[in-house]
Each structure stands twice: as structure tokens, then as C-alpha cells.
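Each remark here refers to the structure printed beneath this line.
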Amino acid sequence: LDLEHAINIDDQEAEPFALRGKIFLKRGEMEQASRDFAYALESDPGDEESRLHLARLLARGGASADAMELLGPLLEYGENDDIVATGALLRSQLSMTLGSTEAAAQDAQIAIDRWPKQPWGYLQMAACQLASMQGEETLKTLKTAEQFVKNIKDVPDIMALRASAYEQLERDDQARRERAKVEGSARLPAIVYGTILNPAQNVPINPNKPVDIRAILAD
């Protein structure tokens, strides 16, 4: 109600729309959230967070080309490392769905440059290398990603990708052993889309180990 009052006072100000968009997003009202983030960008094209939120919503709605176009200015001129890195990961994944692995790898590198000491850019780069049939390079990149994780079980994406790389290299025994270690759900999708729009949700990577037992113990 306060935000609506602020908008009634001045409907050219971006911040009330951006804040209300976040509220709609948390309430699961995606159409209204998209509308408000679009209004926020009209008033302030430099609103990096609203740009990322709107791109995520467009991507989840199947408008991949629109989402990629929206992310262009963010990746070129953005200043917030966290937002730019996340946007780069999103555009990289969208490029991969369109079969453009070279462009996807370039965006993964942007994420690495912005987040050099986090695993997410390296994970995306490994996925690009895997799609390009570069099994050995995938393993090297995953080894780098692992350096930035306190416990590899916290990021089961690493083991899942490593198992796929072993399979690609026809090292089947190693692939089976690695895949057997995986438990719980992937972490990267929640980084890329945010927890609310996470397309993977709680879908397990390994159906034989659907739950990370440490989460139950912590609860």
C-alpha cells in the first residue's frame, strides 16, 4: 500500500516499481512482477537488479531471445559484480539451449572474471566444454571450481558434470563411481534464476540419492 501511494505521488520514479516488483515476485504473481520491473527500467535503464529480474522472468516464460537482448546492456556496462555475473550465467545457459556453445563460453568467462573465487562461472564453463565434447578440459575446469568450495557435497553439480565428462571420455568405471557420490539437487540453477524461479527446485541429480542427508541432520 505504501508503494502504491508512492507511485500515485510520482509514477516516473523507478524505485517504487522495482520494490513492488520484488513483492509480487515473492508472492508468485509473475505477470505483475514483470510489469513493474519493466516500468522500473523505463524510468531508470541503469537499474541493474530490475533488468536481471525481468530477464529471469522472460527466460522462465520461454522468451529466451527477449531475455538475451535485455541482458546485453547489463553485461556490457553493468557495475555490480554479483548482478553482472548472474546475468552472464543466465545468458550463457540461454545460448546453450539455442546451440551456441561458443557464445555461451564467452559469457561463462564473463562470470568467471566477475566471480573469480566462486565456483559458478567455472561450472558453467565446464558445461559449455562438455557440450563441445572437450572432456579433458571439462575435468580441468571442474578441478578449478572445486578449489572454491569448502565441501564438494555442497555443490553436487561438480560431481555430476565430472561423471558426464568421464562418460564422454569412455572412462565408465570412474563415471559410475563419481555419479554414485552425488546426492541432493543442483545448486547452479538457484544461483542463475534465484530461489523463487529456480527451474530445478528440489529435483535430485541422482534419483538413488534424492536427499542430502546433511540437510536433514541440520534440521
If you compare all heavy atoms of P189 against all heavy atoms of N198, which two are closest, and at what distance to 0.1 Å?
CB-OD1, 3.2 Å
Should L89 and L123 count as side-chain neighbours, where that means a heavy-atom distance under 4.5 Å?
no
Among E136, E167, E146, which residue satisfies the salt bridge (Lys or Arg N to Asp or Glu O under 4.0 Å) criterion with R162?
E146
Can you tell if the side chain of L169 reaches within under 4.5 Å of the side chain of L139, non-hydrogen atoms only?
yes
Evaluation steps, side chain to side chain contact (heavy atoms under 4.5 Å, CB included), between F148 and W115
CA-CA 11 Å; F148 303 109; W115 273 348; over 6 Å; no
For K153, is the NZ atom crowded, meaning more than 12 foreign heavy atoms sit under 6.0 Å from it?
no
Please determine whether side chain to side chain contact (heavy atoms under 4.5 Å, CB included) holds for the pair V192 and W120, giving the CA-CA distance in whole Å, both sets of side-chain angles, and the decisive distance to 0.1 Å.
CA-CA 9 Å; V192 176; W120 315 115; over 6 Å; no
Candidates D36, I23, N8 - the one meeting side-chain contact (heavy atoms from CB on, under 4.5 Å) with L3:
I23
Check the hydrophobic clustering (I, L, V, M, F, W, Y; side-chain heavy atoms under 4.5 Å; chains of links allowed) and say if L90 and I112 are grouped together.
no
Shortest non-hydrogen contact from A145 to P119?
O-CB, 3.7 Å
Value rounded to 0.5 Å, distance of CG in D157 from CD1 in I205:
5.0 Å
Could you check whether any side-chain N or O of N206 sits under 3.5 Å from a backbone N or O of R179, counting only pairs where one atom can act as donor and the other as acceptor?
yes
Do R60 and P199 come close enough that some side-chain heavy atom pair is under 4.5 Å?
yes
Is any side-chain heavy atom of R187 less than 4.5 Å from a side-chain heavy atom of P156?
yes
Under 6.0 Å from the OH atom of Y39, do we count more than 12 heavy atoms belonging to anything else shown?
no
Are V149 and V182 linked, directly or through intermediate hydrophobic residues, by side-chain heavy-atom contacts shorter than 4.5 Å (ILVMFWY only)?
yes
Quick one, P45 and P73 - any side-chain contact, counting heavy atoms below 4.5 Å?
no
Among F24, F37, F17, exactly one meets ring pair (Phe, Tyr, Trp, His ring centres under 6.0 Å) together with H53. Which residue is that?
F37
Do V155 and M125 sit in the same hydrophobic cluster, where Ile, Leu, Val, Met, Phe, Trp and Tyr count as joined when their side-chain heavy atoms come under 4.5 Å apart?
no
Minimum-distance pair of heavy atoms, taken over all atoms of A85 and A111
O-CB, 3.8 Å
Roughly how far apart are N80 CG and I83 CD1, rounded to 0.5 Å?
4.0 Å
Just wondering, more than 12 heavy atoms not from Q147 lying within 6.0 Å of its CD?
yes
Gap separating the CD atom of E13 from the CD1 atom of I7, nearest 0.5 angstrom
10.0 Å
Test applied, salt bridge (Lys or Arg N to Asp or Glu O under 4.0 Å); reference residue, K22; option that passes from E49, E15, E29:
E49
Applying the 4.5 Å side-chain criterion to the ILVMFWY set and letting contacts propagate, would I152 and L130 be lumped into a single cluster?
yes
Just so I know, are the side chains of S185 and Q201 near enough to count as touching, which here means a heavy-atom distance under 4.5 Å?
no
So, Y166 side chain and G135 main chain: donor-acceptor pair closer than 3.5 Å or not?
no
Going from CG on D172 to CD on Q174, what distance comes out if it is rounded to the nearest 0.5 angstrom?
10.0 Å
The reported gap from CZ in R176 to NZ in K181 (rounded to nearest 0.5 angstrom) is 14.0 Å
Got L94 and L98 here, is their nearest side-chain heavy-atom distance under 4.5 Å?
no
Could R51 and E48 be called an ion pair, given the rule that one side-chain N must be under 4.0 Å from one carboxylate O?
no
Under 4.5 Å between side-chain heavy atoms, hopping through other hydrophobics if needed: is there a path connecting M96 to I191?
no
Spell out, as yes or no, whether a donor-acceptor pair under 3.5 Å connects the side chain of T138 to the backbone of Q134.
yes
Hey, what do you get for CZ (R56) to CG (L71), rounding to the nearest 0.5 Å?
10.0 Å
Taking atom CG of N151 as the centre, report whether more than 12 heavy atoms of other residues, nucleotides or ligands fall under 6.0 Å from it.
yes
Validation row: Y122, L142 side chains within 4.5 angstrom (heavy atoms):
no
